[in-house]
*Asks:* 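Submitted below is the structure of interest, expressed as structure tokens.
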Amino acid sequence: MKKLLVGIILFLTTFSTACAVTSATTTTSTTDTTTSSETTQTTTQTTTSNTTTTNTTTTSFLTDTAPVNYEGSYCDELVVDYDYIDNLLASLTLEEKVGQMMQAEKNGVSNNDVTNYNLGSILSGGGSAPSTNDAYNWYLMYKGFQDAARNSSSEIPIIYGLDAVHGNNNVYRATMFPHNIGLGAANDPDLMERIGLITAREIRVTGMNYTFAPMIGVVQDISWGRTYESLSESADLVAGLTGAYIDGLQNYCIGASAKHFVADGGTDGGHDQGNAIMTEEEVRAIHLVPYYDAIEAGVYTIMISYSSINGEKMHASEYWIQDVLKDEMGFDGFVISDYEAIHQLPGDYYAQLVSSINAGVDMLMEPWSWKDAITNIIAAVGAGDISMNRIDDAVRRILIIKYKMGLFSEDFYDESTQTYYRLSYSEGFSTDENKAVAREAVRESLVLLKNENNALPLSKDQDVAVIGEGAVNIGIQCGGWTIGWQGDDNRSLTPGTTILAGMREAVSGTNGTVVQDIYEADTVVVVLSENPYAEYYGDNDTLTLTGPTATSTNADVLEQVLYAKSEGKKVVALILAGRPLILGQYEQFFDAIVMAWLPGTEAGHGIADVLYGDYDFTGKLPVTWPKNSTGIGMNINSVNYNPDVVLYPFGTGLSYKEENPWT
Ligand code: GLC
């Protein structure tokens with residue numbers, strides 16, 4: 001009776017508080033209830049689901065009930081008990097083993113399914129949030145699945161994966177960092193480790209334990225819609241940042257997934273999921289390089305690329321997965337397929353499962369077809385098309401990684417509070433400390449490409465105009481993989497600091513002003529941008545300032561540039577985009593040009609810090625900047641590198657001190 005009474009009190013308290021929190025919350029920079037129709041991934045097509053996601057700011061719920069705070073390198077110090085693993089493996093039935101090899105989408109599975117099928121993993125595809133998108137409700141959702149796993153015959157906990165690729169970007173209010181291409185411009189391993197650590201903290205607040213990051217593809221053609229997810233066109237630069245980020249994540253018990261193996265960034269014409277036409281030597285000299293660093297860092301998982309090499313789909317390549325990645329390079333974690341990627345393989349579903357698993361795929365990201373997959377795999381084992389040894393190898397790898405994530409630790413679950421290990425809300429989520437690191441990352445990501453007529457730094461005593469949708473749009477400054485899969489040019493997508501707000505804060509208390517009317521200032525900062533996109537939605541080889549992925553108001557902004565120059569004003573171009581854009585005839589009208597990439601929620605502060613000279617520019621181009629469309633696809637690895645079609649070479653980056661150490 002006592003337990004029941006306590007339960008009722010708790011429920012009523014929670015319920016009444018929830019109502020109070022939802023109706024009473026107000027946020028400074030964002031309306032507290034944003035109804036957004038999100039594009040979420042369903043199979044490889046997308047449907048714009050009219051899911052109404054109410055983004056509310058949750059404050060008091062995530063009180064410090066977390067039983068354990070795995071501080072620091074808790075998971076890094078876990079020593080795997082292989083006898084425990086082998087005994088557990090031996091105790092499993094074939095059905096339990098195959099269940100562990102499945103990763104289902106949270107909308108494609110019930111808690112009972114997790115229990116009945118011993119599912120090994122759940123994922124949230126991009127935009128697949130709980131109906132109330134706050135850290136607490138992400139935890140409640142995770143807890144439901146984890147409780148279901150505890151009730152399964154194997155009692156093996158699930159790992160819950162999501163794309164936290166620039167912070168825990170699915171969760172409203174999370175600290176969102178610059179996308180990878182900006183971090184490549186910063187090229188700071190220490191910063192990368194801290195970003196990994198903070199990202200891990202903001203994932204751990206939800207209890208979840210697995211992210212599909214880092215993306216270590218080496219982009220070779222910026223037509224690719226995933227250019228901004230890449231750190232650089234330079235394999236060495238990517239490799240130099242890979243280990244630090246993985247350390248940051250995994251020391252905090254968050255499993256990483258280096259992706260997408262291999263040569264995802266080398267496809268012909270930059271077509272996402274396309275075909276990389278190159279020799280094996282070229283694959284090894286460029287695209288394979290960062291995976292050595294990922295393995296050296298002990299990455300827990302590696303995700304396979306949708307793409308092909310010389311016509312061979314990576315998901316069916318026993319040579320690259322089993323022979324090279326596992327046997328030659330010694331990768332001892334587990335290999336996961338990409339989102340329904342095996343459906344692109346030849347043959348029927350049975351054949352696709354057989355070929356991918358026999359090639360070395362251990363866990364299948366089969367969001368909707370997982371039940372059918374289980375049936376087919378069991379049949380394939382019975383028919384001898386998949387050996388029991390292959391199944392055991394796959395499941396053993398999965399169990400070892402679950403062990404390394406702390407899922408078998410005795411304090412993974414606290415019976416007394418019925419909670420799973422997680423970071424308490426107040427310590428880990430969207431804290432000032434986390435935002436300060438994001439602000440630092442923004443500063444270091446900025447690249448100064450031109451600075452004439454003393455246009456920069458701005459003075460805090462002058463009047464400055466700032467124009468362009470990107471100056472006031474959180475969605476644009478964050479880019480894709482933000483709250484939703486494709487992102488959204490929604491000004492209040494999630495709390496953050498816009499460029500206008502950051503600049504105004506920088507001059508508060510001074511004689512300077514920041515206005516939005518170019519007639520009222522002698523210096524104009526014009527923000528030119530791309531709209532958010534992800535994956536193949538961003539494939540585009542018309543990369544002009546008014547091209548298919550450009551923000552539609554760019555054209556008007558450019559009109560105002562011409563007028564401003566005719567009036568003798570100074571013009572600073574500030575570009576928010578996932579890749580270089582063709583500046584064309586407008587380049588001559590810009591006195592200064594700053595590339596800010598996709599800087600995330602703390603853009604406003606970090607950009608103002610540098611534009612007003614409180615900090616100097618240190619960023620360097622991690623990709624080649626083409627002069628015209630002929631230059632798209634040109635990079636430092638190009639055999640026929642032609643400087644005549646390059647506007648700014650790889651490594652360009654000026655500073656107020658006019659040094660350019662990369663030359
Ligand atoms: C996507 C992407 C991959 C992502 C996965 C899960 O299609 O290719 O990078 O991690 O699906 O969302």
Side-chain angles (χ1 to χ4, degrees), residues 165-166 177-197 199 211-222 224 226-251 255-267 276 278-305 307 309 314 320-321 324-326 328-333 335 441 444-445 597 618-624 635-638 650-651 653 661-662:
V165 295
H166 65 125
F177 294 91
H179 271 290
N180 276 357
I181 194 159
L183 301 181
N187 196 15
D188 179 344
D190 172 69
L191 174 65
M192 283 302 277
E193 180 167 1
R194 286 184 286 136
I195 290 174
L197 197 64
T199 301
T211 178
F212 305 124
M215 198 279 222
I216 58 175
V218 187
V219 59
Q220 300 296 285
D221 186 322
I222 61 171
W224 190 29
R226 308 196 76 162
T227 295
Y228 69 80
E229 297 183 67
S230 174
L231 289 158
S232 176
E233 68 188 35
S234 159
D236 291 342
L237 196 159
V238 176
L241 298 174
T242 292
Y245 186 78
I246 290 168
D247 284 345
L249 284 172
Q250 296 189 160
N251 284 351
S257 176
K259 70 183 186 181
H260 312 79
F261 187 84
V262 65
D264 54 342
T267 59
M278 59 180 71
T279 64
E280 175 166 343
E281 288 67 29
E282 286 170 317
V283 177
R284 288 177 176 273
I286 300 171
H287 304 283
L288 201 61
V289 170
Y291 285 92
Y292 286 97
D293 298 84
I295 293 168
E296 173 68 26
V299 70
Y300 289 169
T301 79
I302 287 177
M303 185 186 297
I304 303 303
S305 179
S307 56
I309 294 177
M314 287 311 303
W320 284 107
I321 301 175
V324 173
L325 178 61
K326 290 183 174 180
E328 177 189 320
M329 298 173 74
F331 175 59
D332 61 2
V335 167
E444 292 192 25
S445 69
W597 313 105
T618 56
K620 306 288 177 285
L621 285 184
V623 289
T624 300
N635 63 69
I636 54 171
N637 302 308
S638 298
F650 169 86
W662 265 18

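Quick caveat: nothing in here was measured; it's all calculated off a predicted structure.
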*Asks:* Looking only at non-hydrogen atoms, find the nearest pair between A276 and A263 and report the distance.
*Replies:* CB-O, 4.1 Å
*Asks:* Taking E282 for its side chain and T279 for its backbone only, find out whether a donor-acceptor pair lies under 3.5 Å.
*Replies:* yes
*Asks:* Just do the side-chain contact (heavy atoms from CB on, under 4.5 Å) check on L621 and F650 with the steps written out, would you?
*Replies:* CA-CA 5 Å; L621 285 184; F650 169 86; 5.7 Å; no
*Asks:* Would L288 and W320 count as a side-chain contact (heavy atoms from CB on, under 4.5 Å) here? Give the steps.
*Replies:* CA-CA 10 Å; L288 201 61; W320 284 107; 4.3 Å; yes
*Asks:* So, applying side-chain hydrogen bond (donor to acceptor under 3.5 Å, both in side chains) with E233, which one of N635, T624, N637 is it?
*Replies:* T624
*Asks:* List in chain and number order the residues that pass side-chain hydrogen bond (donor to acceptor under 3.5 Å, both in side chains) with S257, two or more places apart in sequence or in another chain; answer none if no residue qualifies.
*Replies:* T301
*Asks:* Do side-chain atoms of K620 reach the backbone of T618 as a donor and acceptor pair under 3.5 angstrom?
*Replies:* yes
*Asks:* Among residues at least two apart in sequence or on other chains, which ones pass ring-ring contact (aromatic ring centres under 6.0 Å, His included) with F331?
*Replies:* none
*Asks:* So do the side chains of V335 and L325 get within less than 4.5 Å of each other, counting heavy atoms only?
*Replies:* yes
*Asks:* Go through the structure and list residues passing ring-ring contact (aromatic ring centres under 6.0 Å, His included) with H179, not counting sequence neighbours.
*Replies:* H166, Y228
*Asks:* Please confirm whether the backbone N or O of S445 pairs with a side-chain atom of W597, one donor and one acceptor, at under 3.5 Å?
*Replies:* yes
*Asks:* For A186, give me all partners under side chain to side chain contact (heavy atoms under 4.5 Å, CB included), at least two apart in sequence or on another chain.
*Replies:* L191, E444
*Asks:* Would you give the length of the straight line joining atom CH2 of W224 to atom CD of E229, rounded to the nearest 0.5 angstrom?
*Replies:* 7.0 Å
*Asks:* Can you name the nearest heavy-atom pair linking Y291 to K259, along with the distance?
*Replies:* OH-C, 3.2 Å
*Asks:* Could you tell me if the side chain of V218 sits less than 4.5 Å from the side chain of P290, heavy atoms only?
*Replies:* yes
*Asks:* Let's go through T211 and T199 carefully: what are the C-alpha distance in whole Å and the side-chain angles of both, what is the deciding distance for side-chain contact (heavy atoms from CB on, under 4.5 Å) to 0.1 Å, and is it a yes or a no?
*Replies:* CA-CA 10 Å; T211 178; T199 301; 5.7 Å; no
*Asks:* Show me, pair by pair, the donor-acceptor contacts under 3.5 angstrom made by side chains of residues 241-248, not counting sequence neighbours?
*Replies:*
residue : atom : partner : partner atom : Å
T242    : OG1  : V238    : O            : 2.8

*Asks:* Would you name the heavy atoms of P189 and G240 that are closest together and state the gap between them?
*Replies:* CG-O, 3.8 Å
*Asks:* Count the heavy atoms belonging to other residues, nucleotides or ligands that lie under 6.0 Å from CD of E280, then report whether that count exceeds 12.
*Replies:* yes
*Asks:* Flag the pair D264 / M314 as yes when at least one side-chain heavy-atom distance between them is below 4.5 Å, and no otherwise.
*Replies:* no
*Asks:* Using every non-hydrogen atom in the two residues, find where A256 and Q250 come nearest and quote the distance to one decimal.
*Replies:* N-OE1, 3.1 Å
*Asks:* Looking at every heavy atom in both A441 and I195, which two are closest together, and how far apart are they?
*Replies:* CB-CD1, 4.1 Å
*Asks:* Shortest non-hydrogen contact from G217 to S230?
*Replies:* O-OG, 2.7 Å
*Asks:* Quick one: list whatever passes side chain to side chain contact (heavy atoms under 4.5 Å, CB included) with N180, sequence neighbours left out.
*Replies:* L183, M215, L231
*Asks:* Could you go step by step and tell me if M278 and H287 meet the side-chain contact (heavy atoms from CB on, under 4.5 Å) rule?
*Replies:* CA-CA 11 Å; M278 59 180 71; H287 304 283; 3.6 Å; yes
